[in-house]
Number of protein chains: 2
Amino acid sequence: MSTIEEVAKEAGVSVATVSRVLNKSNKVTLKTKIKVEETIKRLKYEPNMLGRNLRRSESRMILALLPSISNPFYTMIIKGIEDIARDNGYNVLLCQTDSEPERELVYINLLKQRLADGLISLDPKIDINVLKGISQDYPIVQSCEYSEELNLPYVTIDNFQAGYQAVKHLISIGKKKIAFINSDNKFIYARLREKGYIKALEEAGLEINKDYIINGENDFESGQKNMQQLLALKNRPDAVFLVSDVLAIGALKAIRDMSLSVPEDIAVVGFDNIDFSTMMNPALTTIAQPMYEIGCESCRLLLNRIHHRNADIEKIIMDFELIIRESTIK
Amino acid sequence: MSTIEEVAKEAGVSVATVSRVLNKSNKVTLKTKIKVEETIKRLKYEPNMLGRNLRRSESRMILALLPSISNPFYTMIIKGIEDIARDNGYNVLLCQTDSEPERELVYINLLKQRLADGLISLDPKIDINVLKGISQDYPIVQSCEYSEELNLPYVTIDNFQAGYQAVKHLISIGKKKIAFINSDNKFIYARLREKGYIKALEEAGLEINKDYIINGENDFESGQKNMQQLLALKNRPDAVFLVSDVLAIGALKAIRDMSLSVPEDIAVVGFDNIDFSTMMNPALTTIAQPMYEIGCESCRLLLNRIHHRNADIEKIIMDFELIIRESTIK
DNA sequence: TTGTAGGCGTTATCAC
DNA sequence: GTGATAACGCCTACAA
């Protein structure tokens with residue numbers, strides 16, 4: 001509970017000197033330094049960051065906007081962000097927006113109130129206009145989902161290639177009637193993965209069947225429902241690529257409910273490689289994004305912008321990996 | 001970017017008056033109030049919270065210490081904490097400790113540095129001595145797991161009764177050889193649930209079989225492994241109560257791998273009612289804790305302590321509920 | 001009702 | 001190398 005002033009008095013020096021010791025300035029005699037450090041320890045002094053932050057006019061806090069922390073998709077990204085942040089003396093405030101605009105605003109206000117130094121947006125549903133409104137004044141980075149129109153830094157993977165590789169894999173194991181359960185095409189990742197899906201089919205000379213492409217929500221129930229819809233088709237598909245593992249887990253349930261077998265009757269490829277994807281029965285073939293690294297890079301980009309407000313806008317494309325498991329290979 | 005001083009000058013009043021308007025003091029004429037508010041809007045003024053926080057010597061930030069946000073167990077608790085916090089003008093910093101003591105310390109230092117006003121501990125593995133060391137100086141609440149020895153406020157359910165009810169349910173459907181897969185008995189919830197398990201068996205005149213009680217880690221792999229161990233017994237159990245749904249999901253996999261059926265061969269009861277428990281096949285019978293409310297109450301208790309530093313220590317016991325699904329009833 | 005001024009705890013700019 | 005001192009932006013006695 002003691003202040004820098006008490007330490008100064010107790011050590012017989014000025015507050016300036018204590019501050020210099022605190023901030024590892026080298027313009028301090030070893031002798032005084034030791035004396036001050038001893039006093040700090042004795043008084044159990046801890047610098048009051050409220051004072052420091054006001055003086056430096058920074059909060060050393062960064063915001064990570066995401067729909068919900070319960071989505072396992074974000075787990076490792078968050079870890080990456082937090083690790084890099086902590087290494088640089090920053091803390092991360094996770095903002096669950098539930099994709100509700102009012103919630104978003106609450107957190108964005110933290111930037112205006114100087115309670116946060118920058119923001120990483122992981123929420124695909126974020127209101128672009130809101131971001132546009134503040135992107136001039138505050139450091140912002142987009143992670144995974146992004147909008148080119150904003151001209152902000154972002155980190156992502158090549159979603160077109162990812163969709164393409166996933167479907168090529170299904171073709172390579174002999175599947176010919178490949179369906180695609182997507183989320184909403186308003187998302188750029190959804191559009192790109194769909195393009196990859198179509199390119200792979202075309203390249204293999206396979207027909208594009210409109211009934212095989214379903215857009216919907218990105219959750220367990222949708223996966224189940226949309227898979228049921230596919231299974232009800234007269235010309236049932238023999239494989240399905242889903243734009244997330246959560247969707248795929250729903251689909252697996254629908255397939256099992258029909259007593260069909262995976263991968264023989266229907267092969268399944270998901271996306272994201274969440275923890276639960278290995279716990280499924282069968283384990284899920286999926287596309288793994290380098291989640292942790294995406295988080296790290298996003299945070300690095302943000303810190304860069306915080307410290308160099310008018311550096312070039314960086315855009316980073318990370319590698320992905322197809323992970324083959326039981327849902328496509330016996 | 002403007003300051004209170006600029007607003008004052010522009011509105012032709014003193015900073016004190018602007019401050020009064022900002023803080024809804026009623027000692028301001030409606031006329032000046034309107035004038036000031038107009039100016040605030042025109043200048044797009046936002047109060048700088050760094051200044052306010054220093055002055056008020058509060059951070060309006062609370063800490064929630066938990067092992068990992070990826071554990072679905074914490075999802076709704078966190079939501080409860082955040083909702084109450086936000087309603088009261090506080091933000092929540094989620095601290096993933098990974099149960100690493102160094103991480104804990106980083107966050108606990110935020111208290112000492114005045115960057116947080118209080119702490120809710122959700123981490124069963126937290127070092128009791130560390131908590132003890134700071135519990136005199138800072139507002140702390142324990143949530144779910146707790147230590148009586150600390151004499152701190154806590155929120156929990158009656159874990160003894162919960163274990164008792166779970167096992168009584170298994171007995172009621174005719175099971176006689178009921179196993180118990182627990183986590184580590186160093187946790188109070190683990191000890192209490194075990195007591196409930198034993199009480200239910202004794203009451204029904206069933207034998208306590210040492211081989212049927214397994215202590216271990218609380219994760220998917222342990223559930224799988226420990227279930228395999230039970231299934232390898234000569235005298236195989238016909239039911240199992242597990243101390244978490246994550247364990248139960250692991251157990252389901254082990255049971256399926258042996259081509260046994262649930263609930264006919266083995267009935268399964270989990271704990272926590274996580275989202276995935278309904279997605280399983282069969283859906284999981286489980287004990288639901290009022291997670292959201294636990295979060296809310298924990299936060300309320302903490303805010304109480306922040307505002308009344310020497311009020312009585314409150315201890316809150318919440319209700320739980322047995323949710324019967326396919327893993328025990330066909 | 002409104003204004004003046006001191007202070008929250010720190011850092012940084014000057015002198016010395 | 002060290003010390004005084006003026007900020008940082010805000011709130012709140014106290015005076016008027």
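Values below: all heavy atoms of this structure, side chains included; hydrogens, waters and symmetry mates excluded. Residue numbers start from 1 in every chain, and the chains themselves are labelled A, B, ... in the order their sequence lines are given, proteins ahead of strands.
Residue contacts shown for A:Leu54 include a base, since a base heavy atom lies under 4.0 Å away. A:Asn53 comes within 4.0 angstrom of nothing in the nucleic acid, heavy atoms only.
The phosphate of D:dG9 has neither OP1 nor OP2 within less than 4.0 Å of any side-chain N or O from B:Arg52.
First and last contacts of DNA chain C with chain A, using any nucleotide atom under 4.0 Å from a protein heavy atom and ordered 5' to 3', fall at C:dG9 to C:dT13.
When all heavy atoms are compared, the tightest approach of A:Ile313 to A:Leu152 is CG2-C, 3.4 Å.
Listed by first then second residue, pairs satisfying side-chain hydrogen bond (donor to acceptor under 3.5 Å, both in side chains) with a partner in residues 127-136 of chain A read A:Lys132-A:Glu149, not counting sequence neighbours. Sorted by first and then second residue, the pairs that involve residues 24-38 of chain A and meet salt bridge (charged side-chain N to carboxylate O under 4.0 Å, His left out), not counting sequence neighbours, are A:Glu38-A:Arg42. Pairs of residues two or more places apart, or lying in two chains, that qualify as ring-ring contact (aromatic ring centres under 6.0 Å, His included) and include a residue from residues 128-149 of chain A are A:Tyr146-A:Tyr154.
Within a 6.0 Å radius of CD in B:Glu5, no more than 12 heavy atoms belonging to other residues, nucleotides or ligands are found. Annotation: A:Asp275, atom CG; neighbour count of heavy atoms from other residues, nucleotides and ligands within 6.0 Å does not exceed 12.
The distance from atom CG of A:Leu115 to atom P of D:dG9 is 15 Å, rounded to the nearest whole Å. The separation between B:Asn48 atom CG and D:dC8 atom C1' is 8 Å, rounded to whole Å.
A heavy atom lying under 4.0 Å from DNA chain C marks none of the residues of residues 3-10 of chain B.
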Nucleotide by nucleotide, nucleotides 1-6 of chain D touches protein heavy atoms under 4.0 Å in the pattern (B base, S sugar-phosphate only, - none) SBBBBB

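In this structure, the side-chain contact (heavy atoms from CB on, under 4.5 Å) partners of B:Ser59, at least two apart in sequence or on a different chain, are A:Leu50, B:Met61, B:Asp117. Scanning for salt bridge (charged side-chain N to carboxylate O under 4.0 Å, His left out) contacts around B:Lys79 gives A:Asp98, with sequence neighbours left out. Residues forming a side-chain contact (heavy atoms from CB on, under 4.5 Å) with B:Ser14 (at least two apart in sequence, or on another chain): B:Ala16, B:Thr17. Partners of A:Asp184 under the side-chain hydrogen bond (donor to acceptor under 3.5 Å, both in side chains) rule, at least two apart in sequence or in another chain, do not exist in this structure.
With respect to the salt-bridge test (charged N to carboxylate O, under 4.0 angstrom), the residues A:Lys315 and A:Glu148 qualify.
Across its full length, the helix from C:dT1-D:dA16 to C:dC16-D:dG1 shows an angle of 40° between the axes of its 5 terminal pairs at either end, rounded to 10 degrees.
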Would you give me the side-chain donor-acceptor pairs under 3.5 Å for residues 80-88 of chain A, sequence neighbours excluded?
| residue | atom | partner | partner atom | Å |
| --- | --- | --- | --- | --- |
| A:Glu82 | OE1 | B:Gln96 | NE2 | 3.4 |
| A:Asp83 | OD1 | A:Arg86 | NH2 | 3.4 |
| A:Asp83 | OD1 | B:Arg103 | NH2 | 3.4 |
| A:Asp83 | OD2 | A:Tyr292 | OH | 2.7 |
| A:Arg86 | NH1 | B:Tyr107 | OH | 2.9 |
| A:Asn88 | ND2 | A:Ile84 | O | 2.7 |

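Side chains of A:Tyr45 and A:Thr39: no donor on one and acceptor on the other come within 3.5 Å.
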